[in-house]
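In listed order, ligands and their atoms are each counted from 1.
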Amino acid sequence: MSTPDDAFPVLGILGGGQLGKMMAAAAVQMGVAVRLLSPKPAGPMQYYAHAQTADWTDPDVLRAFAADCTAVTVESEWAPAGALDAVRPDTCALWPAPETLALIKDKGVQKQHLAKAGLPVPDFANCPTLNDALDAAQAFGYPVMLKQFRGAYDGYGNATAHTPEDLRAAWPDLAADDGLQVEAFVDFSHELAVQVARRPGGASVTYPVAHTIQRNHKCHAVHVPAPVAPDVAAEAQRVAHAAVDAVDGVGLTAVELFACADGSVLINELAPRPHNTGHYSIEGCHTSQFANHVRAVLDWPLGDPSLRANAAVMVNVLGDRQGTPPRTTGLPDALQQPNVSVHIYGKPDVRPGRKMGHVTAVGADVEALRTAAEASATAIQL
Ligand code: ATP
Ligand code: MG
C-alpha cells in the first residue's frame, strides 16, 4: 500500500518557458508528475498536459496550484514566489526560498550581500542619484558598466559609459526610483559560469567550469571545460560554491564569473535557477542541471555533475527573422551532424535574436565540437 510518505511527488513549476520545459522533462524522466503555471500561454509548456495559464498574482490561483503539489519551484527570479509562499499548505515545499530570490533579483542587493560575505566582486556602487553615479564613475575610472537593478536579462538592462556624457545620456533609461548600479569595467580574459546544485540541508555538488562566449551581450556559445589554468578553475568552483552557500540557494544556482589576467576570479552575478550556460549538461554530464535541480528541490540525493566525455560545446539557436510559425526546413541538415543534440523550445513566434533553441555537441575535441555545433545551429533556420 502506498502511503503519503512514499507516494511519487508532484512538482509545480512557476513559469512555462524553456527552462520550465526542461525542468519538467527531467522530473517526468524520474516519474515525478509536473504542473506548470504561467501568466501567459508560453509556447514551451504546450508539451505538458498539466500546464495552466492564469493570473499568478491571484492568491486563489496560487492556493489551488500549491494544494496540488509536493514542492513548487520557479523558472525565473521574477515568478511570484512570495505570493505563493503566503498561501501554500505545509505539505507543499517552496524552493528556492523567497528570501534567496529577494537577495538575487535586485543586482544592488545581490552584490552588496556577496561583498559583505567576503566574496570577490568587481568594484561597484549602488547610486541613488545621477551625481552619485558620476562620482562613482570618476572614482573607478571610465569606462564603467551601468546596470539596472531589476528586470534585466540578455544585457538589455546594461550600458557601457565611456564618458560622463554617456552616463548622463543612459541615466533616464536605466535608473529606477532608487537609481542604478555603477560597476568598474572588468578587463577579463574569460567569462566563466559554474552551476551549483544544493539541497535544503546544504549538501551540494558543483559542476565543471564553463567558458561562456557572448555576442552582443548575449550568450552565444559555451565550452566545457573552460580553457583556464587548473588553479583558476578551482578558484571559480570555490567562489561559486561559497556564493551559493551565502544566499542559501536551494535547487540549481548558476554563478557567472569573470577570470582576470592576474588569475583572480570575480563574481558577475547569480541566477537562482538552471541557466543557459548549463544547458550543455543535459548531454554533457552524468546528471544534468535540470535533473539535479529537481532532485535538490525534492530533497533527493544529488547526482554526479562531472562530464561524461572529454568536452562539451553548446551553441544557442537564435531567431533570425520575424515570423510565425517556426519552420522545420533546416532541421534535417542540422540533424546530420554526428554527436550533436538539437533542442527546439517550441516558441510559436520567431523574432530576431530570440532564444529559440540550442544544440550541444559532446566528444573529444573542443574545436571540432564547436565546428559541428555551429554547423548544426546555423542550419536550423527556424
Ligand atoms: P544575462 O541575462 O545574459 O545574464 P544580464 O542582462 O543580467 O545578462 P550581465 O550579466 O550583468 O547582464 O551583463 C551582460 C554581459 O555584459 C556580461 O556577460 C559581460 O559580457 C558584460 N559585463 C557585465 N558586467 C561587466 C563588467 N563589470 N565589465 C565588463 N563587462 C561586463
Ligand atoms: Mg549575466
Side-chain angles (χ1 to χ4, degrees), residues 15 17-19 74-79 101 103-115 119-127 133 136-137 139-162 166-167 170 173-176 180-195 209-223 226 236 239-240 243 247 252-262 264-279 289 314-316 318 353-355 358:
Q18 68 264 28
L19 300 177
V74 299
E75 77 159 358
S76 154
E77 44 279 38
W78 310 111
L101 297 175
L103 283 175
I104 291 180
K105 69 184 174 192
D106 180 303
K107 285 185 182 183
V109 174
Q110 182 189 137
K111 226 162 237 138
Q112 220 153 27
H113 185 78
L114 295 173
L119 290 158
V121 294
D123 287 334
F124 74 99
N126 295 335
C127 301
F140 298 150
Y142 286 91
V144 290
M145 286 297 294
L146 309 177
K147 298 189 171 185
Q148 205 172 288
F149 285 134
R150 293 167 296 274
Y153 69 101
D154 288 348
Y156 290 125
N158 287 359
T160 310
H162 294 273
D166 287 351
L167 200 166
D173 281 344
L174 294 185
L180 52 64
Q181 183 168 77
V182 175
E183 191 170 281
F185 200 85
V186 179
D187 187 20
F188 54 80
S189 64
H190 296 86
E191 279 198 78
L192 307 176
V194 177
Q195 279 72 30
V209 181
H211 178 206
T212 72
I213 298 153
Q214 331 293 323
R215 274 189 196 163
N216 304 320
H217 298 278
K218 211 175 274 177
C219 177
H220 170 72
V222 173
H223 292 189
V239 165
V247 297
L252 194 291
T253 307
V255 184
E256 299 179 14
L257 305 136
F258 299 123
C260 304
D262 64 2
S264 64
V265 167
L266 302 172
I267 299 173
N268 175 27
E269 61 170 344
L270 272 52
R273 51 175 168 77
H275 196 250
N276 192 181
T277 57
H279 290 353
Q289 64 166 349
M314 188 235 40
V315 172
N316 275 329
L318 302 183
R354 189 176 197 199
K355 286 177 184 166
H358 72 267

message: Could you tell me, atom by atom, which parts of ligand 1 come under 4.0 Å of a heavy atom of K107?
response: 5 (P), 7 (O), 9 (P), 11 (O), 12 (O)
message: To make sure I understand the geometry: which N, O or S atom in E256 is closest to the Mg ion (ligand 2)?
response: OE1
- prompt: E256 heavy atoms, cut-off 4.0 Å: which ligand 1 atoms fall inside?
  reply: 4 (O), 10 (O)
task: Report yes or no: does a heavy atom of K218 sit under 4.0 Å from some atom of ligand 1?
output: no
message: Looking at C219, is its backbone amide N or carbonyl O close enough to the side chain of Q214 to form a donor-acceptor pair, meaning the two atoms are under 3.5 Å apart?
response: yes
query: Looking at N158, which atoms of ligand 1 are within less than 4.0 Å of one of its heavy atoms?
result: 9 (P), 11 (O), 12 (O), 13 (O), 14 (C)
T277 side chain reached by Q195 side chain, heavy atoms, under 4.5 Å: yes
- request: Could you name the option among H275, Q181, E269 that has the heavy atom nearest to atom 7 (O) of ligand 1?
  value: E269
- prompt: In the protein, what heavy atom is nearest to atom 28 (N) of ligand 1, and what distance, to one decimal place, separates them?
  reply: V186 N, 2.9 Å
- prompt: Can an N or O of F185 be found at a distance shorter than 3.5 Å from an N or O of ligand 1?
  reply: no
message: Below a 4.0 angstrom heavy-atom separation, can you tell me which part of K147, side chain or backbone, both or neither, approaches ligand 1?
response: side chain
query: Does an N or O anywhere in F258 fall below 3.5 Å from an N or O of ligand 1?
result: no
Ion pair E183/K107, N-O distance below 4.0 Å: no
message: When you compare the side chain of L167 with that of L146, does any pair of heavy atoms fall below 4.5 Å?
response: yes
- prompt: Mind checking whether A271 has a heavy atom under 4.0 Å from ligand 1?
  reply: no
Atom 16 (O) of ligand 1 [closest protein heavy-atom partner, distance rounded to 0.1 Å]: H217 ND1, 3.5 Å
task: Output the atom name for the N/O/S atom of E269 with the smallest distance to the Mg ion (ligand 2).
output: OE2
- request: Give me the one residue out of R273, K105, Q110 that meets side-chain hydrogen bond (donor to acceptor under 3.5 Å, both in side chains) with E77.
  value: R273
- line: One finds that the ligand 1 atoms under 4.0 Å from a non-hydrogen atom of F188 are 29 (C), 30 (N)
- prompt: Taking the side chain as C-beta and beyond, is there a heavy-atom pair between V121 and L266 under 4.5 Å?
  reply: no
query: Side chains of L19 and H279: closer than 4.5 Å at any heavy-atom pair?
result: yes
message: The test is side chain to side chain contact (heavy atoms under 4.5 Å, CB included); show your working for V186 and C260 and say whether it passes.
response: CA-CA 8 Å; V186 179; C260 304; 3.9 Å; yes
query: Please state which protein non-hydrogen atom is closest to atom 20 (O) of ligand 1 and give its distance, to 0.1 Å?
result: E191 OE2, 2.5 Å
task: Please examine the side chains of H162 and Y142, heavy atoms only from C-beta on, and report whether any two atoms are closer than 4.5 Å.
output: no
- request: Dump the intermediate steps for side chain to side chain contact (heavy atoms under 4.5 Å, CB included) on V315 and H220, then the final yes or no.
  value: CA-CA 6 Å; V315 172; H220 170 72; 4.1 Å; yes
statement: closest protein heavy atom to atom 26 (C) of ligand 1 is M145 CG, 3.3 Å
- prompt: Side chain, backbone, both or neither: which part of T212 comes within less than 4.0 Å of ligand 1 when only heavy atoms are counted?
  reply: neither
task: Anything under 30° is parallel, anything over 60° is perpendicular, the rest tilted; go ahead and classify H211 against H223.
output: perpendicular
task: Show your reasoning for whether side chain to side chain donor-acceptor pair (under 3.5 Å) applies to H358 and Q18.
output: CA-CA 11 Å; H358 72 267; Q18 68 264 28; over 6 Å; no
field: Nearest non-hydrogen protein atom, atom 6 (O) of ligand 1
entry: G155 N, 2.7 Å
- line: Near E183 (heavy-atom distance under 4.0 Å), the atoms of ligand 1 are 24 (N), 25 (C), 26 (C), 27 (N)
query: Of the protein's non-hydrogen atoms, which lies at the shortest distance from atom 1 (P) of ligand 1, and what is that distance?
result: D154 N, 3.4 Å
